[in-house]
Amino acid sequence: MEIQTKAYGPVEIDERQTLYFSHGLLGFEEYHSYALIDSRQPPFFILQSLDEREIAFVVLSPEVFRNDFSLDLATGDLDDLEWGDDEELLVLAIVTIPRDGRPMTANLQGPLVMNRKKKLGKQVIQVGGPWKTRHNILEEMSKMGAEEC
Amino acid sequence: MLILSRKLNESIMIGDSVEISVVEIKGDQVKIGIQAPNTVKVYRKEVYSAIQEENKLAALSSIDDSLPSIQLPKTRQ
């Protein structure tokens, strides 16, 4: 199917790339249908709203900059994702790229969790850990590299 | 909005599984105890608002231009 994207105009996607967020994203509760598409600049992906072309988010796997990230899910979250034992959950962080040149950051306090098999997604809230709404991606990556040496 | 007056150690039920009680009152601070099943997530409203704000900022990111490039560490073979 062809969809309209904010980043690249019309893009052909597979139906398996679509995701339904029953609660929407925080602040965007009225938009439920999204497609996860590759960006032209890996490792970024784009979560594009299928309801409104102008709503799109750059997303990134937390593993890229924090390999110690762990997710705390409530049973309510797993129920919303209709998670079954053999199903893998995909976790992505929303990236903010300020237009004024300030460093790009990723949100690990409200990561996105997706059940690709059921095509369901949810933004989950993380409390009680070190996770913030703004992690400086490049800075954390350089720390990660240093620790590996 | 429903407004109820409660004294120290009194509580409020929300539905039949969430109980909110006043544990301590000290000056302008109130300590609140919350008992809820683990299907219900409990957090300060500031956390919720911060994520909401960040989502709005993220949606303003310039994604039509080329994204910044990230040098991925080489994966070990």
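Just so you know, these numbers come straight off a predicted model, no measurement behind them. Convention: sequence-line order gives letters A, B, ...; per-chain numbering from 1.
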Trainee: Can you tell me how far apart CG (A/L25) and CD1 (B/I51) are? Round to the nearest 0.5 Å.
Mentor: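 So the CG of A/L25 and the CD1 of B/I51 are separated by 11.0 Å.
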Trainee: Distance from B/Y43 atom OH to A/Q109 atom CD, nearest 0.5 Å?
Mentor: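 Output value for this atom pair is 10.5 Å.
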Trainee: Using non-hydrogen atoms and a 4.5 Å limit, figure out which bit of A/T133 sits close to chain B: side chain, backbone, both or neither.
Mentor: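 Answer is both: backbone and side chain atoms of A/T133 are under 4.5 Å from chain B.
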Trainee: I'd like to verify something: which residue of A/I125, A/T75, A/L60 has the highest number of heavy-atom pairs under 4.5 Å with chain B?
Mentor: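 Top option by heavy-atom pairs under 4.5 Å: A/I125.
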Trainee: At a 4.5 Å cut-off on heavy atoms, which part of A/V95 comes close to chain B: side chain, backbone, both, or neither?
Mentor: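 Backbone only.
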Trainee: Could you measure the distance from the CG atom of B/L60 to the CD atom of A/E54? Nearest 0.5 Å is fine.
Mentor: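 The CG atom of B/L60 sits 11.0 Å away from the CD atom of A/E54.
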Trainee: Less than 4.5 Å apart, side chain to side chain, heavy atoms only: is that true for B/K41 and A/D77?
Mentor: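 Heavy-atom side-chain distance check passes, below 4.5 Å.
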Trainee: Would you say that B/E54 contacts A/I94 through its side chain, given a criterion of any heavy-atom pair below 4.5 Å between the two side chains?
Mentor: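 No. Closest side-chain heavy atoms not under 4.5 Å.
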Trainee: If I measure from the heavy atoms of chain B, does A/T105 come under 4.5 Å with its side chain, its backbone, both, or neither?
Mentor: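 Answer is side chain: those atoms of A/T105 sit under 4.5 Å from chain B.
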Trainee: How about B/N55 and A/N107: do any of their side-chain heavy atoms sit closer than 4.5 Å?
Mentor: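 In contact.
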Trainee: To the nearest 0.5 Å, what is the distance between OG on B/S61 and CZ on A/R99?
Mentor: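 These two atoms lie 7.5 Å from each other.
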Trainee: Is A/D100 close to chain B through its backbone or its side chain, or both, or neither, when contacts mean heavy atoms under 4.5 Å?
Mentor: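 Contact with chain B is absent: no heavy atom of A/D100 under 4.5 Å.
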Trainee: At a 4.5 Å cut-off on heavy atoms, which part of A/L78 comes close to chain B: side chain, backbone, both, or neither?
Mentor: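 It is neither, since no heavy atom gets under 4.5 Å.
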Trainee: Would you say A/Q123 and B/Q52 make side-chain contact, with heavy atoms under 4.5 Å?
Mentor: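 Result no, sub-4.5 Å side-chain heavy-atom pair not found.
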Trainee: Please examine the side chains of B/K56 and A/F28, heavy atoms only from C-beta on, and report whether any two atoms are closer than 4.5 Å.
Mentor: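 A/F28 reaches B/K56 side chain to side chain.
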